[in-house]
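Heads up, the thing below is written out as structure tokens.
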Amino acid sequence: MSSEQRKAFPFSDFEPKWQDVWEAKKAFRTPNPGDADFDASKPKYFVLDMFPYPSGAGLHVGHPEGYTATDIIGRFKKMSGFNVLHPMGWDAFGLPAEQYAIKTGQHPRATTEKNIEGFRGQLKRLGFAYDWDREVNTTDPGYFKWTQWIFLKLYNSYVNDAGKARPIAELEGQGLSREEIDSRRLAFVSSAPVNWCPELGTVLANEEIVDGKSEVGGFPVERRPMRQWMLRITSFAQRLIDELDGLDWPESIKLLQRNWIGRSEGAHVKFQIVGHESDVTVFTTRPDTLFGATYMVFAPEHALVDQITTPEHAAAVEAYRKVVGSKSDLERTELAKEKSGVFTGAYAINPVNNEQIPIWIADYVLMGYGTGAIMAVPAHDARDFEFAQMFALPVKQVVQPPEGKEWQGFTDHGTAINSGFLDGLTTPDAKQKIIAFLEEKSLGKGTTNFKLRDWLFSRQRYWGEPFPIVWEDGSHRSIPESELPLQPPTLEDFKPTGTPEPPLSKATDWVRYSATATRELNTMPQWAGSCWYYLRYCDAQNSKRFVSEEAEKYWMGGGKPGGVDLYVGGTEHAVLHLLYARFWHKVLFDLGYVSTPEPFQRLVNQGLIMGEDGQKMSKSRGNVVNPDDVVKEYGADSLRLYEMFMGPLEQVKPWSMKGVEGVYRFLARVWRLVMEVSEEGVWSLSPALQDVPANKQVTKALHETIKKCGEDIEKLSFNTAISQMMICTKTFIAEEVMPASAIVTFLKVLSPFAPHIADDLNARIATKFPALAVQGLLSDATWPKYDPAALIEDEVEVVFQVNGKLRDKARVPIQATKEEIEKIALASARVQEFMEGKTPKKIIVVPGKLVNIVV
RNA sequence: GCCGCUGUGGUGAAAUGGUAAACACAGCAGACUUAAAAUCUGCUGGAGGGCAACCUCCUUGCCGGUUCGAGUCCGGCCAGCGGCACCA
């Protein structure tokens, strides 16, 4: 026997066949408002996947997990009368694509094209209902034209006092200088220290650094000052926190974002430096402990260090700064087990008690947070305490902890002591009072600080969007919109230079913009294209605008804060893509280009699929499952169904090939409801299939399945929906005659999960019972309605408990009253036995469920 | 260290505060078969009792609470996973 014939059902024949039919018919084309076949009376549903990075390795089994979930939802919503937007595209710029190209000695454009083709083919073989006319590719000039256009919107905007992005022209009207205007742009040039990764030959954003190493490749990262493009995401910090509230996102992801943005409330306090004109401002979340400040610490890079250091300490300070400067972030934070620092010889004056306190420099104070200087309160801060112990600095108690707690190193709330006018106040009250005092005396003020840094937006790479910017006489300006898209130059050698000089510098012709102006040489990071791709899906072919107003209003509208109705993807983008996209969306919203303040209303994270060994899938462990192999062996429907049956979508779960066989057997049973095989291995319609009404059991099972599957799909509870379909199939199997119309209804319910087998069986049934089957595709059919009457039984099983323990059961008529059920329960011999002749204290009757007799 | 999530059979898991373990995998037994595969049927949390049908007790990480009734709600612990981390 050939392996073809041994298949339990001929999926390898009909799966490609139906994929071809769907493609030829454009079965999943979604008309836009304005199209002839657009039905404006239907509500919209925009269901989005995180579009893949088309790597050379091809799809892994994690991709179809989220994609199948959205496909089921999309197909279900379409059958339920929605206009469904369910698109797919490619996030194809970025480091890995370029590294892969370098490794294989090809141009990234060529490898990207090839990888996309591979991915597209794999996705089509899984039968996803995408509207391929809306496919987007971030590396397509027709796409990145608009990425560059949005960058120009950022470049030409600022944030006003109300916290809204506005056109920069408003500032020009106010007569501000060029420098003042440049310093307020949302896309601006900065020379602050950045994360430079020598191995990758590029700078990286904070979000791309994990444990002091590059997220891609795990290479060391060092800080060095470089002239770079930044995006002013910090101006949106508060809104990015506040506007999470209206979103249906997992709390854990909201929390991740809130923590990353890292809002903390406190105060700025000004300290006078002894013998100097200048003062220094510190940020503290505990202004109530100001009386306990016994020394001060500056970050080694602090600008005032040179001015205040006394001659006798200059050598030590210089030496220390040199040591710190050579350390990577990793060495400075992760690996620093002990505090270090040196005294500058200078003193500051504590504004509340005029005490002179020494100023030290130490690398535990970071230049990038707050003001780069702190007041040290060793009694009530763990780090200051450790430092004070090490260098024998004084420790002064100013907070009285609750009874039984040691004051040294006590960092929680308590009562102020040794703090003059604050004594006796609780920590929150003391904070309020000291802030009022500082503000009144102009010594400081209440402030909110954020951990979030501005987004470092330029990369020294070839494979990214070039900036639509030129430089002339040391200043930058945008190129006209009419010159977009700005294509990258054709380069034979696009490898990183190994220095901060971007590879685009090698394109000497391209670089020269005019006799006096040259192009910006950096490119945008990978995240740029993914910040707005969901908008492009709404109107992917538009060459006049990034998305038409009409299409944006329809697909992104709907009266909720977020436009996309459901967004499914991995949790790894919690503080990268999801934060960046929200930021861009808010800018576009403020400027009037989009109609909602948030991009994604409902977010769901699918859980990671582990290898059969319970470990994360990786090539080195050899536990990677290739979806192509699964499709070949068991078919696309089996793969889809298995990935949904494994367990809850959001949960981490291990792969099991035996589990795939389980759902495969289920599909084979469904197949044999309708089909039978001859001795020669030829399949034909089973004679058991007849035009007869379904009996009571079958009707009940079928309507329970319609109800449960519909409800479970809405809840994304696919595993329980599938188990219900398995139960229903068993009920069918027990029958001698298969009622054709009931089978067709069942196939409609199955079709979002396993669309190939469902369409195939329906078409086969249609050959014999044209009036009973769906004419055409099941995806164009209407989701069946369940009949509540069909679910009701004449009798239900009621459980009898004595003192909460199950003692007996009985079937009682559905319409039995509480009193009647109670009577039946009390009459039960077993119930009486366990009551031991005692009188019931209390009897609880839950009709249709149970009786609990308390004695 | 801080924050979050998760702990249920041999395994993946299910269970609006109401029969714990549905559905599936694995295992065992049987039917069909010359045989195997495939398919179908039955059994399958633990301990104890009974010739048997069956019966009793225990069981959702641990301890306590609320409740007629807790896997589910509340408090305290423990373990695993994930995130953040010298952020003043």
Side-chain angles (χ1 to χ4, degrees), chain A residues 1 6-8 210-211 250-260 262-264 266 282-287 289 293 297 299 332-334 336-339 362-366 368-377 380-384 386-387 411 449-453 571-572 574-575 607-608 612 614 642 645-648 650-663 665-666 668-669 672 677 717 719-727 730 733 797-809 830 840-846 848-855:
Chain A
M1 250 190 202
R6 280 176 58 169
K7 286 185 173 125
V210 179
D211 295 336
E251 270 314 307
S252 58
I253 296 288
K254 290 189 183 182
L255 211 82
L256 243 42
Q257 291 216 350
R258 287 196 192 101
N259 289 344
W260 186 263
R263 184 194 148 97
S264 57
V282 302
F283 173 73
T284 175
T285 55
R286 293 296 298 272
T289 62
V297 187
R332 196 169 153 168
T333 56
E334 298 289 304
K337 294 271 180 279
E338 286 197 333
K339 295 272 181 292
D363 65 358
Y364 82 92
V365 173
L366 309 172
Y369 184 75
T371 64
I374 62 156
M375 63 177 215
V377 184
H380 306 295
D381 180 280
R383 297 147 304 179
D384 296 347
E386 197 192 324
F387 191 80
T411 56
N449 213 350
F450 295 94
K451 277 197 261 184
L452 184 69
R453 301 273 69 97
T571 187
E572 67 273 14
V575 291
L608 212 59
E612 296 224 40
Y642 171 64
F645 188 60
M646 289 174 85
E650 299 180 69
Q651 196 162 298
V652 177
K653 41 209 178 281
W655 186 268
S656 157
M657 219 41 110
K658 289 286 183 189
V660 182
E661 282 178 30
V663 296
R665 279 199 280 267
F666 160 66
R669 280 194 280 270
R672 291 196 305 267
V677 69
S717 253
N719 53 335
T720 51
I722 293 165
S723 91
Q724 178 61 39
M725 288 190 281
M726 288 171 168
I727 293 168
K730 275 192 182 171
I733 286 172
E797 192 177 62
V798 170
V799 171
F800 301 148
Q801 298 178 333
V802 178
N803 286 339
K805 290 206 171 176
L806 172 71
R807 295 305 177 189
D808 204 2
K809 322 170 182 187
R830 281 188 45 81
K841 263 193 234 157
K842 195 170 180 181
I843 300 176
I844 289 111
V845 183
V846 184
K849 271 264 152 71
L850 60 73
V851 178
N852 189 11
I853 298 157
V854 187
V855 294

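Numbered from 1 within each chain, the chains take letters A, B, ... in sequence-line order.
Judged by distance alone with a 3.5 Å cut-off, no donor-acceptor contact links the side chain of A:Lys451 to the base of B:C84.
Atom CD of A:Gln257 and atom P of B:C84 are 13 Å apart (whole Å). Atom P of nucleotide B:C86 and atom CZ of A:Arg286 are separated by 20 Å, given to the nearest angstrom. For the pair A:Trp260 CH2 and B:A85 C1', the interatomic distance rounds to 11 Å; values are reported in whole Å. A:Ile843 places its CD1 atom 11 Å from the C1' atom of B:C68, with the value rounded to the nearest Å.
Checking the phosphate oxygens (OP1, OP2) of B:A24, a side-chain nitrogen or oxygen of A:Lys730 falls inside 4.0 Å. Regarding contacts with the backbone of B:C58, a side-chain N or O of A:Lys805 is found under 4.0 angstrom from either OP1 or OP2. A:Arg669 has no side-chain polar atom (N or O) that falls below the 4.0 Å cut-off from OP1 or OP2 of B:C23.
At least one side-chain heavy atom of A:Tyr642 sits under 4.5 Å from a side-chain heavy atom of A:Ser656.
For RNA chain B, each stem of at least three Watson-Crick or G-U pairs (distances under 3.5 Å) is given as range with range: B:1-7 with B:78-84, B:10-12 with B:23-25, B:27-31 with B:39-43, B:45-49 with B:54-58, B:61-65 with B:73-77.
Considering only the side chain of A:Lys339, B:C86 comes nearest among B:C23, B:C68, B:C86. For A:Arg665, taking side-chain heavy atoms from C-beta onward, the closest of the listed nucleotides B:A88, B:C84, B:A26 is B:A26. Closest to the side chain of A:Val365, from the set B:A14, B:A88, B:C84, is B:A88. Checking B:C84, B:A24, B:A88 against the side-chain heavy atoms of A:Met726 singles out B:A24 as nearest. Distance from the side chain of A:Leu256 is smallest for B:G83 among the nucleotides B:G83, B:C84, B:A88.
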Would you list the protein and nucleotides 8-13 of chain B atom pairs, both N or O, that sit under 3.5 Å from each other?
{"unit_1": "B:G12", "atom_1": "O2'", "unit_2": "A:Met646", "atom_2": "O", "d": "2.5"}
{"unit_1": "B:A13", "atom_1": "OP1", "unit_2": "A:Gln651", "atom_2": "NE2", "d": "2.4"}

Shorter than 3.5 Å, N or O on both sides, protein versus nucleotides 17-21 of chain B: list them out with atom names.
{"unit_1": "B:G18", "atom_1": "N2", "unit_2": "A:Asn852", "atom_2": "ND2", "d": "3.4"}
{"unit_1": "B:U19", "atom_1": "O2", "unit_2": "A:Lys809", "atom_2": "NZ", "d": "2.9"}
{"unit_1": "B:U19", "atom_1": "N3", "unit_2": "A:Glu797", "atom_2": "OE1", "d": "3.2"}
{"unit_1": "B:U19", "atom_1": "O4", "unit_2": "A:Glu797", "atom_2": "OE1", "d": "2.9"}

N/O to N/O distances under 3.5 Å, protein versus nucleotides 53-56 of chain B:
{"unit_1": "B:U56", "atom_1": "OP1", "unit_2": "A:Arg830", "atom_2": "NH1", "d": "3.1"}
{"unit_1": "B:U56", "atom_1": "OP1", "unit_2": "A:Arg830", "atom_2": "NH2", "d": "2.6"}

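With sequence neighbours excluded, no residue satisfies ring pair (Phe, Tyr, Trp, His ring centres under 6.0 Å) with A:Phe800. Shown here are the side-chain hydrogen bond (donor to acceptor under 3.5 Å, both in side chains) partners of A:Gln651, two or more places apart in sequence or in another chain: there are none.
With a glycosidic angle further than 90° from 0, B:G4 counts as anti.
Residue contacts for A:Gly370: at a heavy-atom cut-off of 4.0 Å it reaches no nucleic acid atom on any strand shown.
Taking the C1' atom of each, B:C73 and B:U56 are spaced 31 Å apart, rounded to whole Å.
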